[in-house]
Participant: 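I have a structure I would like to understand better, so I am pasting it below and will then ask my questions one at a time.
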Amino acid sequence: MKVSVFSGIVVYFRSVFQGVSSIARACFTAFPYLFRVGEFRKEVTEGYPDPVSSKTADDLPPRTRGLLFNEIDRCTGCRACEKVCPAQCIRMEEEPGADASKIWVSVFDIDFSRCIFCGLCVEACQPSSLIHTKQYEGAAYELTDLVASFGRGQVTPEQRAKWAALRQMSENDEVSL
Amino acid sequence: MSSSPAWVSAWLDAWGISAGLPEWVSASISVAALFLLILVPSATLISYLDRKLSADFQARVGPNRAGPAGLFQPLADLLKLLQKETRREWSWKENLWLIIHTMALYSTLAVIPLGSLALMVDTEMSAFLPFWSALVLALGTMLLGLGQGSVPGWFGGIRVAAQTLAGCFPALIALLCAGMRTGSFRWSVLASSQGFMPWQWTCFSNPFQLIALMVFVMSGLVLLEISPLDGGHSMSDIHGGVASHLYGRRFSLFNFGRFYGFFFWSVITVVLFLGAWNLPYHLVERLKDWGAVRLLGILELLLILTKTFFVMLLVVWVARVSPRSRVDQITDFAWKVLSPFSLVALVGASIWAGWRAFQ
């Protein structure tokens, strides 16, 4: 289809006019923001870390996957979290405790430099000792400070021997019963 | 060849330094003073205002931590950039090139018209001399990119050269339009042909001069790769092109060179089209009667800097509300829209000037 010279010129001038007017319209949309009229008075961004508008832990939704916390009294040392973790950031050591039913979790380290906060460990935890807190500020100056330890601490060999004796005694009691 | 600028001798006399200094000393002093006292503070102020105004347009806060309301942000940026380590030490050849390039770029500080007294080089062709800076900037950027030896550098360098070429033609034609009105390209004649009031400015004297002003500003954006027409070295497909291998001090110098181009373009826009440094006539006469030469110089400087900053912030405003164009769209725009309009403005302005001349 042959386009006439006249319509070509018209199209040219119309496109120039449209370009100029679109830029002008875009510029005028900035006026309400510049002069803070009506609903544009407030910024739409969070003012973190200024307390004016940034979110505290209470503002976050209830299922927020924040930093992890392990209630070591409920932890059974089943290692379900360690096995399911995709980043392999949980390290634990456990041994039989004083009571036959209780496991002494001596070391329970979560390396937050590797944790991806996926929540699979919390889902896998049977006694629900491992939970997400709503804390999200976990920055540290040293890499080693990023490891959170929830373990109860190493046990001396004497203590271990005492516990073994205690367990033996309670087993004998059960057998005799 | 004109003598050393009157403002330098006025200040030196006031401080009691003998005026028997050779010309090259006073010229060097004035260039260094212009750089340190005008250019660097302007860069600081414009970068701060740019960030704060952009934040206002975009419903954000902008810098607010470095100093009250973020006023020390440019200083913080400068200190950060100065202490960043470079990826590769430059050889002596590259450093020599950098020295020569910098000298060539900032040599046009001698031609920047910042007041009736601050005119070091006031010749018949003064208005064309700042183009030297623009072309040096473009050539240097292109060489920087080509010398990088990597794909972003090659493509970035060639794109910068293409965009500069596209912007040069309409810019020069629009410049001719401004000179058409006064018949000369001397800064002093261009400035004295305008007045303080807006209706006495060149751009409002006839509609073709208004077109010439628009074309001049837009072709300057194309020529010097200023946002939103900075496609030459900001396209994401080459990771920013020429500047992708610059860190720390080199990066800040590179951007300062770009700012210098933006700054002098705005200054000559104001001088050519927007009334230059003209204060109200009676004020000028009163100050001259009192012999307050330095005060007159300072007031003219403040007026021209205010107008310059207004032009620069207008460009920043348009940049923040518009998306970037691709580099080939920019060159298309320059060749297919700006050049024809600049020629129309030239023809119209010459007919207008010739009409009046033959009355």
Side-chain angles (χ1 to χ4, degrees), chain A residues 1-61 135-143, chain B residues 49-70 170 210-211 213-215 217-219 221-222 226-229 310-326 329-330 332-345:
Chain A
M1 188 175 82
K2 192 168 176 296
V3 179
S4 74
V5 174
F6 181 71
S7 59
I9 293 175
V10 165
V11 162
Y12 173 80
F13 277 108
R14 191 187 303 156
S15 60
V16 170
F17 175 73
Q18 277 173 349
V20 173
S21 69
S22 70
I23 300 277
R25 267 183 286 125
C27 285
F28 286 130
T29 60
F31 273 132
Y33 289 96
L34 191 57
F35 298 118
R36 304 294 175 90
V37 188
E39 80 233 30
F40 303 108
R41 194 165 305 161
K42 208 173 163 330
E43 290 93 7
V44 297
T45 48
E46 298 284 334
Y48 183 83
D50 300 324
V52 174
S53 60
S54 59
K55 292 203 188 310
T56 59
D58 303 323
D59 299 321
L60 293 171
Q135 278 303 320
Y136 53 87
E137 287 165 308
Y141 283 101
E142 301 281 335
L143 197 57
Chain B
L49 283 177
D50 179 4
R51 289 178 71 167
K52 271 302 206 182
L53 280 177
S54 311
D56 277 344
F57 293 144
Q58 296 164 352
R60 296 184 285 119
V61 177
N64 64 341
R65 302 207 69 79
L210 197 58
I211 299 176
L213 166 67
M214 310 274 227
V215 169
V217 172
M218 286 195 269
S219 54
L221 301 183
V222 172
I226 301 164
S227 329
L229 302 177
F310 181 71
V311 170
M312 288 173 96
L313 290 175
L314 202 66
V315 171
V316 162
W317 181 17
V318 172
R320 294 296 163 257
V321 299
S322 321
R324 271 199 191 112
S325 307
R326 255 192 353 250
Q329 290 171 338
I330 298 169
D332 267 359
F333 173 64
W335 286 118
K336 292 184 187 168
V337 176
L338 288 180
S339 304
F341 273 79
S342 70
L343 291 170
V344 162

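Reminder, nothing fancy here: chain letters follow the sequence lines and each chain counts from 1.
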Participant: Return the OG to CZ distance between A/Ser15 and B/Phe333, rounded to the nearest 0.5 Å.
Facilitator: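 Answer for the OG-CZ pair, A/Ser15 versus B/Phe333, is 10.5 Å.
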Participant: By a 4.5 Å heavy-atom criterion (distance strictly below it), what part of B/Pro228 contacts chain A: side chain, backbone, both, or neither?
Facilitator: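 For B/Pro228, neither part sits under 4.5 Å from chain A.
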Participant: Would one find more than 12 heavy atoms of other residues, nucleotides or ligands at under 6.0 Å from atom OH of A/Tyr12?
Facilitator: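 Enclosed: over 12 neighbouring heavy atoms sit under 6.0 Å from OH of A/Tyr12.
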Participant: Which region of B/Arg320, side chain (C-beta onward) or backbone (N, CA, C, O), has a non-hydrogen atom less than 4.5 Å from a non-hydrogen atom of chain A, or is it both or neither?
Facilitator: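 When you check distances to chain A, no heavy atom of B/Arg320 falls under 4.5 Å.
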Participant: Should B/Val321 and A/Phe28 count as side-chain neighbours, where that means a heavy-atom distance under 4.5 Å?
Facilitator: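 No; the side chains remain at least 4.5 Å from each other.
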Participant: Does any backbone or side-chain atom of B/Phe341 lie under 4.5 Å from a heavy atom of chain A? Answer side chain, backbone, both or neither.
Facilitator: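 Side chain of B/Phe341 only, per the 4.5 Å heavy-atom cut-off to chain A.
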Participant: Tell me the closest heavy-atom pair linking B/Trp317 and A/Cys27, and the distance in Å.
Facilitator: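 Result for this residue pair: CZ2-O, 3.2 Å.
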